[in-house]
Amino acid sequence: MKRTFRLATLVLIGVLAVTGISEAAVKKVKHAMTVNMDDAGGFAAATMKENIKKYSNGAMELQVFPGSQLGGMREHYEACQSGAIETIYVAASAASKFVPEVGVLDLPFLFPTDYDKAWKVIDGDLTKVLAEKLAKQNFVLLGIAPYGYKSLHTGSKQVKSLKDISGMKIRIMPSKTLELTYKAWNANPTPVEFGELYVALQQRVVDGGENGLSVIKAQKFNEVQPYLTVSKHGLFMGLMVANKKWFDKLSDSERAVILKAAKENIAQQRKYVAEEDEKIIKYLGENGMTVYRLNSKETAEFEKASQPVYKAFSDISAENKRTLETVLKTKKNLGY
């Protein structure tokens with residue numbers, strides 16, 4: 001009896017030891033986001049987690065940290081750059097601190113207001129240029145995904161014209177391009193960290209902000225902002241990047257797993273916003289927000305006021321100018 005018990009114990013210890021070794025051998029990959037799991041980025045991250053496990057046959061695991069659990073946008077980029085976090089998906093605007101040329105993504109009315117056309121512009125030479133710039137700062141660009149076309153959400157009044165937005169405190173992300181844009185519109189651009197934005201809107205620290213529709217819904221901004229202006233004045237984009245030193249040390253097969261899963265993540269997000277935008281507008285209109293869509297004349301007014309921003313962006317550096325010229329050349333070649 002004692003011998004049987006000892007044998008069973010030894011077998012159990014052996015099983016636990018094997019399990020422990022197996023778990024320890026799994027390569028953990030931290031993935032940080034500021035958005036929640038019920039956002040376009042969150043849905044895609046959940047799928048990416050499953051795919052990395054599947055494509056690696058369980059040898060790799062994506063550990064997703066949504067909702068700013070590991071810090072704000074700037075902290076995410078800094079942690080990824082240093083190697084404290086392996087991969088992140090964060091608003092492109094915040095990356096302009098590290099790579100100023102990324103600010104081109106924030107230029108108002110630069111990209112077509114049709115998703116398929118916009119992706120053709122973004123996936124051309126622009127992605128190559130930004131990937132090279134990011135690599136010099138120890139980042140690997142895994143893809144550019146959207147939070148969707150930008151809309152304005154406000155608390156005190158509906159924005160239909162430049163006159164309406166004049167003097168309003170509009171929350172922006174840390175981006176020189178966004179600062180230049182709202183100053184050109186005679187508004188008061190005010191940086192607020194994403195994790196603090198709901199309370200800032202609720203307490204009227206700022207009058208409003210710009211966001212993708214999926215973000216507005218997921219963050220429940222409709223609870224504290226009664227007005228939505230569908231302006232499509234830009235694409236709210238996120239960058240998925242990895243720490244370059246970490247990425248370069250992966251085996252060929254491991255890199256292939258990350259690249260394949262990331263590519264599918266980007267595709268899923270793009271599909272989601274294209275399919276959900278109109279549904280979200282309807283939802284927000286039924287849940288506390290008065291929805292207004294800028295007409296062509298009103299859009300033209302904002303677009304005209306935005307033109308000086310292009311020159312100001314280009315004047316910052318020769319590299320900024322070349323990056324913008326890359327986008328304009330691609331648009332011309334595509335006939336947009």
Please check if the distance between the ring centroids of F111 and Y336 is under 6.0 Å. no
Spacing of I316 atom CD1 and T323 atom OG1 [to the nearest 0.5 Å]: 11.0 Å
For the pair K220 and E223, find out whether any cationic side-chain nitrogen is under 4.0 Å from an anionic carboxylate oxygen. no
For the residue pair A305 and W185, what are the closest heavy atoms and their distance? CB-CD1, 4.0 Å
Under 3.5 Å, is there a donor-acceptor pair between the side chain of D39 and the main chain of V35? no
Between N265 and M240, is the side-chain contact (heavy atoms from CB on, under 4.5 Å) condition met? List the steps. CA-CA 9 Å; N265 175 302; M240 183 179 296; 3.3 Å; yes
Taking the side chain as every heavy atom from C-beta outward, state whether F236 and P146 have any atom pair closer than 4.5 Å. no
Between NZ of K311 and NZ of K321, what distance do you get to the nearest 0.5 Å? 9.0 Å
Give a yes or no on whether the backbone of E303 and the side-chain of Q307 come within a donor-acceptor separation of less than 3.5 Å. yes
So that I can tick it off, tell me whether E275 and K271 are bridged by a salt bridge, with the cut-off set at under 4.0 angstrom between side-chain N and carboxylate O. yes
Within the side chain of D207, is there an N or O that forms a donor-acceptor pair under 3.5 Å with the backbone of K169? yes
Keeping T181 on the side-chain end and S306 on the backbone end, is there a donor-acceptor pair under 3.5 Å? no
With side chains defined as the heavy atoms from C-beta onward, is the minimum distance between M237 and K150 less than 4.5 Å? no
Check whether F139 forms a cation-pi arrangement with K244 (NZ or CZ under 6.0 Å from the six-membered ring centre, at most 45° off the ring normal). no
E179/K183 ion pair, N-O < 4.0 Å: yes
Does the side chain of L107 come within less than 4.5 Å of F313's, by heavy atoms? yes
Mind checking whether I85 and M37 sit in one hydrophobic cluster, side chains of I, L, V, M, F, W, Y counted as touching below 4.5 Å? yes
So, the side chain of N51 versus the backbone of A261: is there a donor-acceptor pair under 3.5 Å, distance only? no
Step by step, would you call L235 with Y147 a side-chain contact (heavy atoms from CB on, under 4.5 Å)? CA-CA 8 Å; L235 263 175; Y147 295 97; over 6 Å; no
Nearest heavy-atom pair of I144 and L239: which atoms, and what distance? CG1-CD2, 3.7 Å
Could you tell me whether E61 and K53 have a side-chain N and a carboxylate O separated by less than 4.0 Å? no
Do the charged groups of K120 and D116 touch, with an N to O distance under 4.0 Å? no
Polar contact flag, side-chain donor to acceptor under 3.5 angstrom, S314-N320: no
Quick one: are T34 and H76 in side-chain contact, heavy atoms under 4.5 Å? yes
Side chains of D125 and T326: do they bring a donor and an acceptor to under 3.5 Å? no
Return the minimal non-hydrogen interatomic distance between P112 and A118, and the atom names on each side. O-CB, 3.7 Å
Using modelled atom types only, decide if a donor and an acceptor are shared between the side chain of Y115 and the backbone of G148 within a distance under 3.5 Å. no
Please check if the side chain of S93 supplies one atom and the backbone of M173 the other of a donor-acceptor pair under 3.5 Å. no
For H153, the option from Y292, F221, Y227 that meets ring-ring contact (aromatic ring centres under 6.0 Å, His included): F221
Where is the tightest heavy-atom contact between L213 and I280, given as atom of each residue plus distance? O-CG2, 3.5 Å
Atom pair CG (L201) and CZ (R204), whose distance is rounded to the nearest 0.5 Å: 8.0 Å
Is it true that, when you exclude K128 itself, more than 12 heavy atoms of the residues, nucleotides or ligands shown sit nearer than 6.0 Å to its NZ? no
Joint hydrophobic cluster, L328 plus L130, side-chain heavy atoms closer than 4.5 Å: yes
Are there over 12 heavy-atom neighbours, none belonging to K331, within less than 6.0 Å of that residue's NZ? yes
Determine the sole option in E254, E264, E50 for which the side chain to side chain donor-acceptor pair (under 3.5 Å) test with Y55 is passed. E264
Can you confirm whether V140 sits close enough to W246 that some side-chain heavy atom of one is under 4.5 Å from a side-chain heavy atom of the other? no
Can any side-chain N or O of N243 pair as donor or acceptor with the backbone N or O of E86 at less than 3.5 Å? no
Verify same cluster id: L250, V257 (apolar side-chain graph, 4.5 Å): yes
Can we say R322 and E325 salt-bridge, meaning some charged N sits less than 4.0 Å from an Asp/Glu carboxylate O? no
Could you tell me if the side chain of S151 sits less than 4.5 Å from the side chain of V230, heavy atoms only? yes
The reported gap from CG in L334 to NZ in K329 (rounded to nearest 0.5 angstrom) is 12.0 Å
Check R270 with D123, please: is the shortest side-chain N to carboxylate O separation under 4.0 Å? yes
Intermediate values then yes/no, side-chain contact (heavy atoms from CB on, under 4.5 Å), E301 and L294: CA-CA 10 Å; E301 181 190 28; L294 292 184; over 6 Å; no
In plain terms, say whether E286 and K282 are close enough for a salt bridge, that is, a side-chain N and a carboxylate O under 4.0 Å apart. yes
Ignoring hydrogens and angles, tell me if any N or O in the side chain of N138 forms a donor-acceptor pair with the backbone of Q81 under 3.5 Å. yes
Would you please test S231 and T229 for side chain to side chain donor-acceptor pair (under 3.5 Å) and show each step? CA-CA 6 Å; S231 53; T229 299; over 6 Å; no
Between CG of L110 and OH of Y310, what distance do you get to the nearest 0.5 Å? 4.5 Å
Does the distance from a Lys or Arg side-chain N to an Asp or Glu carboxylate O, for K217 and D277, drop under 4.0 Å? no
For M33 and G41, work out which heavy atoms get closest and say how close. SD-O, 3.7 Å
What I'd like to find out is whether the side chain of Y149 reaches to under 4.5 Å of the side chain of H233, using heavy atoms alone. no
Given side-chain contact (heavy atoms from CB on, under 4.5 Å), test L162 with F302 step by step and report yes or no. CA-CA 7 Å; L162 286 173; F302 277 94; 3.6 Å; yes
Is it the case that the side chains of N186 and S166 hold a donor-acceptor pair, with the cut-off being a distance below 3.5 Å and no angle test? yes
Out of curiosity, L324 CG to E319 CD, how far, rounded to the nearest 0.5 Å? 12.5 Å
Looking at P100, is its backbone amide N or carbonyl O close enough to the side chain of S96 to form a donor-acceptor pair, meaning the two atoms are under 3.5 Å apart? no
Assess whether a salt bridge exists between R255 and D252, defined as any Lys/Arg side-chain N lying under 4.0 Å from an Asp/Glu carboxylate O. yes
Non-hydrogen side-chain atoms of F109 and T299 separated by less than 4.5 Å: yes
How far apart are the closest heavy atoms of G209 and Q225, and which atoms are they? N-OE1, 4.2 Å
Is a salt bridge present between R171 and E210, judged by a nitrogen-to-oxygen distance below 4.0 Å? no
For F43 and Y272, I'd like to know if the aromatic rings sit close, meaning centre-to-centre distance below 6.0 Å. yes
T330-N333 side chain donor-acceptor pair, cut-off 3.5 Å: no
